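Quick caveat: nothing in here was measured; it's all calculated off a predicted structure.
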Amino acid sequence: MYSISKCIEYKMIVARSSALEIITALRHARAQGSMVDVTDFSHDVDVLAHLQTAASMDGWRKGQAPKFWKSGGPSVDRPLFHAPLPAEGVLLHTRQHPPVRMTQPVCSLHGVEAEIALRIGQTLDQQQVLALDSDSVHSVVDAMTVSIEWVDSRWKQQLQSPLSMLQIDRLSHGGLVVADMWQPYAHRDWSAQICRVELGGGQTHVFQGSHPLGNPSHVLLPWLLHATQHWGVVEAGTVVTTGSWCQILHALPGQTVHVAFDEIGEASMQFAQAH
C-alpha cells in the first residue's frame, strides 16, 4: 500500500504533467495563431501551478517575480486576478513614432483594452509588502503611463471558456504596448479622468472615470502580496497594467489603435493584416 506521502507525491507529479501538457498546447497555439478546444482538458486545474509552468518555460526562476504583469477585476467587491506576462510580448511605443506593429499571430481575437500601467520604484520582498497598507502602498510607485492590452484567446471557445482556463491563458493576453513616456505617479481624481480610444482612424470612443475599480491603484496591494508570496522579490522597475477603462473593444485585422489619457499620455499600435 502507498503511504500518504507517496500518494501526495504522485498527485503532485500528475498535476505537473497536466500543467505541462496544457501549457505546451497553449504555447503551440500562440506560436501558430491557432486555437485549442477547451473541452479537451479538465477545467479543475491549479491556476498558480499552470502560470508558473508557463513562466518557467519563458525563463522565470522562483525567487524573483516576473517584470511585467496584468492585474484587475470586474469590481471592488469581486476577486482580483493577476497574471505575469512574457517580456517578449511587451512592446514600447515612443511618442511621434509610427504605431507599434503587432507581429504575433492572432489566434482568435483583436480585442483592445485601454489601461494605465504603474511602475514600482523600489525592490520589495514579502515582509516589506506585508508592512504596507492601502495608503502607504502608493509610496512604492514611482511612475505611470498609458498601456494598450491586446486581448486574444488560444481557446476555441474564446472568452466563454471556464474562468480557470481563461486564467491559465494569462487572462486572455495577446500582447501589451506601453507608452515610453512615463509621468511621475501622483494621486488624482480618477473619476474625472478622460480616456479616448480610436480604432482604424474612425470614431473616437470617449470614457470618463470608467475604471471598474474606480482607481487603477486599487490593484497594487493585492497584486504585490500575491507576487511576493508566490513568485519572489518584486524588483524596482517592475510594471503592472491595471485594467481596462473601455471594457473590450474589438478591432479588425490591420487596424491601427490609438489610446490617449488626458494629462498622462498616449500610445498607438497596429494589428497585422489577415493572411
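- Side-chain atoms of T204 never come within 3.5 Å of backbone atoms of V197 as a donor-acceptor pair (strictly under, hydrogens ignored).
- Not one N or O on the side chain of T238 forms a donor-acceptor pair closer than 3.5 Å with the backbone of V234.
- In terms of modelled atom types and a separation under 3.5 Å, the side chain of D169 and the main chain of S153 share no donor-acceptor contact.
- Sorted by first and then second residue, the pairs that involve residues 24-33 and meet side-chain hydrogen bond (donor to acceptor under 3.5 Å, both in side chains), not counting sequence neighbours, are R27-D58.
- We find that R188 and E263 are joined by a salt bridge, their nearest charged nitrogen and carboxylate oxygen being less than 4.0 Å apart.
- Between the H50 side chain and the A54 main chain, no donor and acceptor come within less than 3.5 Å of each other.
- The side-chain hydrogen bond (donor to acceptor under 3.5 Å, both in side chains) search around Q270 returns R101, not counting sequence neighbours.
- Q104 is linked by a side-chain hydrogen bond (donor to acceptor under 3.5 Å, both in side chains) to nothing, counting only residues two or more places apart in sequence or in another chain.
- S172 contributes no side-chain N or O that, together with a main-chain N or O of L166, makes up a donor-acceptor pair within less than 3.5 Å.
- At distances below 3.5 Å, not a single donor-acceptor pair connects side-chain atoms of T256 with backbone N or O atoms of G200.
- Between the D152 side chain and the L109 main chain, a donor and an acceptor come within less than 3.5 Å of each other.
- In this view, D44 satisfies the side-chain hydrogen bond (donor to acceptor under 3.5 Å, both in side chains) rule with no residue, not counting sequence neighbours.
- The side-chain hydrogen bond (donor to acceptor under 3.5 Å, both in side chains) contacts involving residues 227-237 comprise H226-W231, where partners must be two or more places apart or lie in separate chains.
- A donor-acceptor pair is defined here as one N or O able to donate and one able to accept, closer than 3.5 Å; no such pair exists between the side chain of H258 and the backbone of R196.
- The aromatic rings of Y185 and H187 sit tilted relative to each other, their planes meeting at an angle between 30° and 60°.
- Evaluation of the salt bridge (charged side-chain N to carboxylate O under 4.0 Å, His left out) rule for E113 yields no partner, not counting sequence neighbours.
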Between side-chain atoms of residues 124-133 and protein atoms elsewhere (two or more places apart, or another chain), which donor-acceptor pairs fall under 3.5 Å?
unit_1: D125; atom_1: OD1; unit_2: Q127; atom_2: N; d: 3.2
unit_1: D125; atom_1: OD1; unit_2: Q128; atom_2: N; d: 2.9
unit_1: Q128; atom_1: OE1; unit_2: D125; atom_2: N; d: 2.9
unit_1: D133; atom_1: OD1; unit_2: D135; atom_2: N; d: 2.9
unit_1: D133; atom_1: OD1; unit_2: S136; atom_2: N; d: 2.7
unit_1: D133; atom_1: OD1; unit_2: S136; atom_2: OG; d: 3.0

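- Within the structure, side-chain hydrogen bond (donor to acceptor under 3.5 Å, both in side chains) contacts touching residues 207-217 (residues at least two apart or in different chains) are W190-N215, N215-S217.
- Hydrophobic cluster membership for L252: none, as no Ile, Leu, Val, Met, Phe, Trp or Tyr side chain comes under 4.5 Å of it.
- Here Q64 pairs with nothing under the side-chain hydrogen bond (donor to acceptor under 3.5 Å, both in side chains) rule; sequence neighbours left out.
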Check: residues 72-82 side-chain donor-acceptor pairs under 3.5 Å, at least two apart:
unit_1: S75; atom_1: OG; unit_2: D77; atom_2: OD1; d: 2.4
unit_1: H82; atom_1: ND1; unit_2: S71; atom_2: OG; d: 2.8

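- Listed by first then second residue, pairs satisfying ring-ring contact (aromatic ring centres under 6.0 Å, His included) with a partner in residues 139-184 read W150-F271, not counting sequence neighbours.
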